[in-house]
Amino acid sequence: MKVAMAALCVVMVSGCSTITQSDTQVLALTSVYEGNPVQASCTLTNDKGSWAAVTPANVNVRKSNEDLDVVCKREGVPDGLLKAVSRAAGSMWGNIIFGGGIGAIVDHSRGNGYDYPNQLPVKMGESSIVDKKVSTEQAQAAAAAQQPVPTKVTAASSPQPVTPAPQVK
């Protein structure tokens, strides 16, 4: 009875990500050579399995804390290699903070608490890494660069006429 009760408690508290997220993820796989899209036969591999696809494709893979390796081949074209970095999902951090670690252990072993970048752009003849964290940081930096920088207004020696800006309706 105690063993059954303990198992029930573990199941009830285990894994916020297990409840809210799947252990699989659909990834958009594309391949280009010299700037042009090409069809290539690709193999995606992590410690949870291996998946084959011909680009362009949406591939459903098992998530893992391990990175995803992608190898694409096409006759007459050099192979394309890509590594998709696995990152902890937000629900994994919630498990660690609020769940006391049991849920995090379950989600870690199942892969539910991790995500890969959604886009896997393989460049034939090259080896590259895609990282969701780097992409997010680059997007934030680009957005910050596009925001207008406040400027200090100083009084001119001779007043200039001010034309009101047109109103958008």
Side-chain angles (χ1 to χ4, degrees), residues 10-149:
V10 168
V11 168
M12 290 177 65
V13 298
S14 67
C16 181
S17 296
T18 302
I19 296 167
T20 62
Q21 292 189 1
S22 172
D23 64 347
T24 62
Q25 182 178 355
V26 177
L27 307 172
L29 178 65
T30 58
S31 57
V32 297
Y33 182 61
E34 295 179 345
N36 297 313
V38 295
Q39 280 192 334
S41 297
C42 302
T43 304
L44 298 81
T45 308
N46 66 16
D47 63 323
K48 302 291 184 183
S50 182
W51 302 267
V54 175
T55 61
N58 289 322
V59 185
N60 194 16
V61 301
R62 284 265 326 263
K63 295 192 283 185
S64 169
N65 66 313
E66 297 292 323
D67 294 342
L68 183 70
D69 293 314
V70 181
V71 178
C72 294
K73 297 177 179 289
R74 178 182 168 101
E75 191 174 321
V77 173
D79 294 353
L81 307 174
L82 182 134
K83 181 177 291 287
V85 177
S86 176
R87 292 283 177 189
S91 56
M92 181 68 143
W93 295 112
N95 256 338
I96 293 168
I97 295 168
F98 299 113
I102 294 172
I105 293 168
V106 171
D107 291 343
H108 174 78
S109 66
R110 290 186 179 176
N112 294 46
Y114 297 91
D115 287 319
Y116 294 113
N118 292 320
Q119 305 290 321
L120 303 179
V122 177
K123 294 179 182 175
M124 303 302 288
E126 295 184 25
S127 178
S128 58
I129 297 173
V130 290
D131 188 338
K132 195 174 193 174
K133 181 179 179 183
V134 173
S135 299
T136 302
E137 289 171 355
Q138 288 172 341
Q140 289 171 345
Q146 292 178 356
Q147 292 179 355
V149 177

Q: I'd like to check Leu27 versus Leu68 (side-chain heavy atoms, cut-off strictly below 4.5 Å). Are they in contact?
A: yes

Q: Check the pair Val77, Val38 against side-chain contact (heavy atoms from CB on, under 4.5 Å), reporting the backbone distance first and the verdict last.
A: CA-CA 10 Å; Val77 173; Val38 295; 5.7 Å; no

Q: With side-chain hydrogen bond (donor to acceptor under 3.5 Å, both in side chains) as the rule and sequence neighbours excluded, what pairs involving residues 27-43 come up?
A: Ser31-Thr55

Q: Which atom names give the shortest non-hydrogen contact between Pro117 and Val130, and what distance separates them?
A: CG-O, 3.7 Å

Q: Ignoring hydrogens and angles, state whether a donor on the side chain of Asp47 or Ser64 is under 3.5 Å from an acceptor on the partner side chain.
A: yes

Q: Who pairs with Asp69 by salt bridge (Lys or Arg N to Asp or Glu O under 4.0 Å), at least two apart in sequence or on another chain?
A: Lys83

Q: Specify the closest pair of heavy atoms between Asn46 and Arg62, including all atoms of both residues, with the distance to one decimal.
A: ND2-O, 2.8 Å

Q: I'd like to check Tyr114 versus Glu66 (side-chain heavy atoms, cut-off strictly below 4.5 Å). Are they in contact?
A: no

Q: Decide side-chain contact (heavy atoms from CB on, under 4.5 Å) for Val59 and Leu120; before the verdict, give the C-alpha distance in whole Å, the side-chain angles of both, and the deciding distance to 0.1 Å.
A: CA-CA 10 Å; Val59 185; Leu120 303 179; over 6 Å; no

Q: For residues 117-127, which residue pairs pass the side-chain hydrogen bond (donor to acceptor under 3.5 Å, both in side chains) check, not counting sequence neighbours?
A: Gln25-Asn118

Q: Determine whether Lys63 and Asp23 make a side-chain contact, defined as any pair of heavy atoms from C-beta on separated by less than 4.5 Å.
A: no

Q: I'd like to know if Lys73 pairs up with Asp79 as an ion pair, taking the criterion as any Lys NZ or Arg NE/NH1/NH2 lying under 4.0 Å from an Asp or Glu carboxylate oxygen.
A: yes

Q: Considering all heavy atoms of both residues, which atom of Ser86 and which atom of Tyr116 are nearest to each other, and what is their separation?
A: CB-CE2, 3.7 Å

Q: I'd like to check the salt bridge (Lys or Arg N to Asp or Glu O under 4.0 Å) partners of Arg74; sequence neighbours left out, ordered by chain and number.
A: none

Q: Among residues at least two apart in sequence or on other chains, which ones pass side-chain contact (heavy atoms from CB on, under 4.5 Å) with Asn60?
A: Thr24, Val26

Q: Quick one: pull up CZ in Arg87 and NZ in Lys133 and give me the separation to the nearest 0.5 Å.
A: 5.5 Å

Q: Does anything in residues 36-86 form a disulfide (SG to SG under 2.5 Å)? List the pairs, not counting sequence neighbours.
A: Cys42-Cys72

